[in-house]
Amino acid sequence: MAYPYQLGFQDATSPVMEELLHFHDHTLMIVFLISTLVLYLISLMLSTKLTHTNTMDAQEIETIWTVLPAIILIMIALPSLRILYMMDEMNNPLLTVKTMGHQWYWSYEYTDYEELNFDSYMIPTTELKPGELRLLEVDNRLILPMETPIRMLISSEDVLHSWAVPSLGLKTDAIPGRLNQTTLMSLRPGLFYGQCSEICGSNHSFMPIVLEMVPLKSFESWSSSML
Amino acid sequence: MLNVENQKPPKGKWTTPPFDPRFPNQNQTRNCYQNFLDYHRCMKAMNRRGKSTQPCEYYFRVYRSLCPISWVQRWNQQIQDGTFAGKI
Ligand SMILES: [Cu+2]
């Protein structure tokens with residue numbers, strides 16, 4: 001999860017997030033190369049005596065600085081599209097879980113077998129126990145089995161919200177009247193934190209998301225104990 | 001066309017609605033609504049012919065898994081009041 005003075009992303013917990021981290025590093029390298037070149041050219045131009053001030057019809061250099069940026073853009077666009085379509089893929093989910101955004105909390109519905117649904121409110125700062133995280137803990141966590149593809153359906157009961165868990169590479173808008181689908185998959189057990197990511201009113205900052213990924217056996221005993 | 005046989009889960013084992021090639025996008029609103037409609041159309045047709053409504057159960061399980069509880073409640077209320085917009 002996030003820590004103070006963090007500069008990079010959170011550690012990846014899902015294959016999609018691994019891909020996103022690789023893509024980020026790849027793109028950042030290209031940005032560094034271009035910035036270095038531009039900085040070098042600026043320093044050259046500031047320190048030179050400015051010969052060749054009337055160069056015209058330089059076909060070779062024109063071709064190079066047209067084709068090279070095009071190739072660089074393709075090198076960014078293709079991996080980006082690959083991940084975009086990879087995220088859209090739905091591979092035989094074993095469970096469907098719905099989440100509805102409300103002003104200002106999330107509610108979760110598991111209705112594959114029985115009707116299990118509950119609200120998930122933030123724990124106010126004054127009621128936190130030692131070691132708990134301010135503005136991030138909730139009373140009822142979303143408990144899910146790990147290493148299992150899960151179909152998350154996201155919608156809203158009132159205004160726009162956005163359901164986001166950074167370490168899983170998830171961010172899906174919750175739109176009233178529309179059901180959005182995304183695949184949720186965690187490679188390891190643990191607690192994963194997220195926050196509403198679309199300004200939704202005065203308590204927008206106070207509707208966090210806590211995901212508790214557990215082995216399938218524990219999930220089964222939890223879900224049967226909830227009914 | 002949609003292959004209904006392939007869409008069915010293994011006998012006696014229900015997990016969750018499988019991928020539906022009619023709705024390959026992120027937007028699953030229609031997937032939920034269409035299965036809700038299909039369930040009620042199926043029930044109506046089966047009842048009219050005096051047949052068992054057991055085959056309609058598939059649509060019921062799919063729409064129950066996909067549709068938010070509040071939507072189903074609202075639509076059922078509208079059907080009761082005779083104000084439901086869909087053609088059943
Ligand atoms: Cu919100």
Side-chain angles (χ1 to χ4, degrees), chain A residues 16 84-102 106-119 144-145 148-158 161-163 170-185 216 219-220 223, chain B residues 2-40 43 54 56-80 83-86:
Chain A
V16 159
L84 186 70
Y85 286 108
M86 198 184 274
M87 287 194 288
D88 216 28
E89 207 72 47
M90 176 59 58
N91 304 306
N92 293 319
L94 295 177
L95 184 72
T96 300
V97 180
K98 284 163 282 176
T99 176
M100 303 292 283
H102 303 254
W106 294 96
S107 67
Y108 299 103
E109 303 175 4
Y110 303 66
T111 51
D112 278 341
Y113 304 96
E114 308 286 334
E115 272 192 18
L116 166 57
N117 65 308
F118 54 84
D119 298 338
L144 291 173
T148 307
I150 297 162
R151 174 196 282 124
M152 276 306 295
L153 292 169
I154 295 118
S155 187
S156 168
E157 298 277 19
D158 35 56
H161 299 272
S162 186
W163 197 82
L170 294 177
K171 182 178 280 174
T172 308
D173 278 10
I175 299 162
R178 173 174 163 139
L179 261 189
N180 276 333
Q181 172 182 262
T182 187
T183 313
L184 190 155
M185 227 267 276
L216 186 62
F219 172 75
E220 282 169 343
S223 55
Chain B
L2 179 66
N3 188 340
V4 179
E5 277 312 308
N6 281 349
Q7 289 280 298
K8 279 184 184 162
K11 266 220 159 78
K13 220 177 106 193
W14 172 250
T15 52
T16 203
F19 172 75
D20 189 336
R22 292 176 299 171
F23 309 102
N25 305 314
Q26 186 188 46
N27 186 354
Q28 293 290 304
T29 320
R30 272 274 157 186
N31 194 355
C32 144
Y33 184 67
Q34 193 62 48
N35 278 287
F36 181 82
L37 275 185
D38 286 347
Y39 170 68
H40 285 281
M43 289 296 277
Q54 209 262 325
C56 307
E57 250 178 57
Y58 178 79
Y59 299 115
F60 176 77
R61 285 195 297 247
V62 171
Y63 93 69
R64 198 178 68 157
S65 273
L66 297 181
C67 296
I69 297 172
S70 61
W71 294 15
V72 175
Q73 269 174 1
R74 192 170 69 233
W75 291 336
N76 282 335
Q77 187 60 44
Q78 286 173 347
I79 289 175
Q80 252 179 40
T83 55
F84 186 67

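Every chain is numbered from 1, with letters handed out A, B, ... down the list of sequences.
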Item checked: Validation row: Met100(A), Trp71(B) side chains within 4.5 angstrom (heavy atoms) -> yes
Notebook entry, point to check: Is there a donor-acceptor pair under 3.5 Å between the side chain of Thr96(A) and the backbone N or O of Thr16(B)?
Noted result: no
Notebook entry, point to check: For the candidates Ser70(B), Pro68(B), Cys32(B), which exhibits the highest count of non-hydrogen atom pairs separated by less than 4.5 Å from chain A?
Noted result: Pro68(B)
Note to self: What part of Ser107(A) gets within 4.5 angstrom of chain B, counting heavy atoms only: side chain, backbone, both, or neither?
What the structure shows: neither
Next item on the list: Report, as yes or no, whether the 6.0 Å neighbourhood of atom CZ on Arg178(A) holds more than 12 heavy atoms from other residues, nucleotides or ligands.
Entry: yes
Margin query: Please report the interatomic distance NZ(Lys98(A)) to CD(Gln28(B)), rounded to the nearest 0.5 Å.
Written below: 12.5 Å
Notebook entry, point to check: Considering all heavy atoms of both residues, which atom of Ser65(B) and which atom of Leu153(A) are nearest to each other, and what is their separation?
Noted result: O-CD1, 4.4 Å
Check: Highest number of heavy-atom pairs under 4.5 Å with chain B: which of Leu95(A), Thr111(A), Asp88(A)?
Finding: Thr111(A)
Checklist line | Residue selection (most heavy-atom pairs with chain B, distance under 4.5 Å) from Val97(A), Ile175(A), Leu179(A) | finding: Leu179(A)
Notebook entry, point to check: In Å and rounded to the nearest 0.5 Å, what is the CD1 to CG distance from Ile69(B) to Asn117(A)?
Noted result: 4.0 Å
Notebook entry, point to check: What residues, two or more places apart in sequence or in another chain, satisfy side chain to side chain donor-acceptor pair (under 3.5 Å) together with Thr29(B)?
Noted result: Asn27(B)
Would you tabulate the side-chain donor-acceptor contacts of residues 72-79 of chain B under 3.5 Å, counting partners in other chains and residues two or more places apart, or write 'none'?
from	atom 1	to	atom 2	distance (Å)
Asn76(B)	ND2	Val72(B)	O	3.4
Gln77(B)	NE2	Asp81(B)	OD1	3.2
Gln77(B)	NE2	Asp81(B)	OD2	3.3

Checklist line | Which atoms of Asn31(B) approach chain A - backbone, side chain, both or neither, heavy atom under 4.5 Å | finding: neither
Notebook entry, point to check: Between CD of Gln26(B) and CG of Asn180(A), what distance do you get to the nearest 0.5 Å?
Noted result: 4.0 Å
Next item on the list: Under 4.5 Å heavy-atom distance to chain B, tell me which part of Glu157(A) shows up: side chain, backbone, both or neither.
Entry: side chain
Note to self: Which one wins on heavy-atom pair count under 4.5 Å against chain B: Leu94(A), Asn91(A), Thr99(A)?
What the structure shows: Leu94(A)
Notebook entry, point to check: Arg151(A) versus Pro17(B): any side-chain heavy-atom pair under 4.5 Å?
Noted result: yes
